[in-house]
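Written below as structure tokens is the structure these notes are about.
A quick note: this is a predicted structure, and the numbers were derived from the prediction, not measured.
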Amino acid sequence: MTDRSRIGLKTAPTTVPVDAWRVKLFCEATGETDAVYWNAEAARAAGHPACPVPPTFLKAIEGEHFSSAQLMNLLDVPLRGVLHAEQAFEHFAPVHVGDSVEVSRTVTDIHDKKAGAFTFIVVDTHYRVGGTPVATSRQTILVRNVVNAVNAVNAPQPS
């Protein structure tokens with residue numbers, strides 16, 4: 001079981017620079033074909049001061065700050081049985097190549113389901129550029145608790 005006293009745990013903010021090469025690699029890896037994300041001329045023609053980053057690029061920034069694996073280690077959660085269940089982003093302003101993004105993460109909830117067979121860890125990430133919030137994300141991490149899995153199968157299920 002994951003220690004519930006860790007709810008509220010915050011990582012110290014760090015700053016991650018956004019460089020064009022990394023954004024272009026991200027676009028290639030994800031199959032993003034819109035040139036506005038990797039071609040400065042196309043970005044300017046679309047009204048941007050520089051190439052904006054694709055919305056999910058912030059996940060790469062998050063990992064450079066304090067990865068989910070590092071967070072699980074800090075929470076004493078074995079990586080065996082850990083899954084990235086879901087993540088949603090809310091964007092307030094665009095992030096561009098050349099920006100430095102300040103990232104911090106907070107464990108906002110830890111709860112169990114299926115008689116303790118699964119633990120869900122909810123982590124909120126805050127992204128700022130120049131002190132201004134540009135986005136947040138909420139990630140849910142699923143931990144399969146192997147020790148408790150047998151108990152969950154045999155436990156009475158709610159109707």
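Counting heavy atoms from C-beta outward, Asp124 and Thr136 have side chains that stay 4.5 Å or more apart. Using a 4.5 Å heavy-atom cutoff, the side chains of Glu28 and Leu25 are in contact. Side-chain contact check for Cys51 versus Tyr37: every heavy-atom pair is 4.5 Å or farther apart. Inter-residue side-chain proximity for Leu74 and Arg6 is flagged as met; some heavy-atom pair is nearer than 4.5 Å. Using a 4.5 Å heavy-atom cutoff, the side chains of Pro54 and Val23 are in contact. Counting heavy atoms from C-beta outward, Met72 and Ile121 have side chains that approach closer than 4.5 Å. Between Leu142 and Thr140 there is no side-chain heavy-atom pair separated by less than 4.5 Å. A heavy-atom distance below 4.5 Å is found between the side chains of Asp112 and Arg4.
Looking at every heavy atom in both residues, Ser100 comes nearest to Thr15 through CB-CG2, 3.4 Å. The two atoms that bring Val97 and Ala50 nearest to each other are O-CB, 3.6 Å, heavy atoms only. Across all their heavy atoms, Ser67 and Arg105 have their closest contact at C-NH1, 3.6 Å.
With hydrophobic clusters built from ILVMFWY side chains whose heavy atoms lie under 4.5 angstrom apart, Phe66 does not share a cluster with Val18. With hydrophobic clusters built from ILVMFWY side chains whose heavy atoms lie under 4.5 angstrom apart, Leu79 shares a cluster with Ile110. Phe89 and Val123 are not part of a single hydrophobic cluster, where members link through side-chain heavy atoms under 4.5 Å apart. Linking ILVMFWY side-chain heavy atoms closer than 4.5 Å, directly or via other members, places Val16 and Val134 in a single hydrophobic cluster. Both Val103 and Val53 belong to a single network of hydrophobic side chains, linked directly or stepwise wherever heavy atoms of I, L, V, M, F, W or Y lie under 4.5 Å apart.
Under the 4.0 Å criterion applied to side-chain N and carboxylate O atoms, Glu41 and Arg44 are not assigned as salt-bridge partners.
One finds the CZ atom of Arg138 at 10.5 Å from the OG1 atom of Thr125 (value rounded to the nearest 0.5 Å). Taking OG1 of Thr119 as the reference point, atom CG of Asp3 lies at 11.5 Å (rounded to 0.5 Å). Atom NE2 of His91 and atom OH of Tyr127 lie 8.5 Å apart (nearest 0.5 Å). To the nearest 0.5 Å, atom CG of residue Asp99 and atom CZ of residue Arg128 are 15.0 Å apart. Atom NZ of residue Lys10 and atom OG1 of residue Thr106 lie 5.0 Å apart, to the nearest 0.5 angstrom.
Each of Val82, Val122, Leu83 was compared with Ile141 under the side chain to side chain contact (heavy atoms under 4.5 Å, CB included) criterion, and only Val82 meets it. Here the options are Gln87, His84, Gln139, the test is side chain to side chain donor-acceptor pair (under 3.5 Å), and the partner is Ser68; only Gln139 passes.
His126 and Ser104 share no donor-acceptor pair across their side chains, judged by distance under 3.5 Å alone. For Thr11 and His65, the side-chain atoms include at least one donor-acceptor pair closer than 3.5 Å.
Taking the six-membered ring where tryptophan is involved, the planes of Phe26 and Phe57 are perpendicular, since the angle between them exceeds 60° and thus also 30°. Between Phe118 and Phe120, the ring planes lie tilted relative to each other; the angle falls in the 30° to 60° range.
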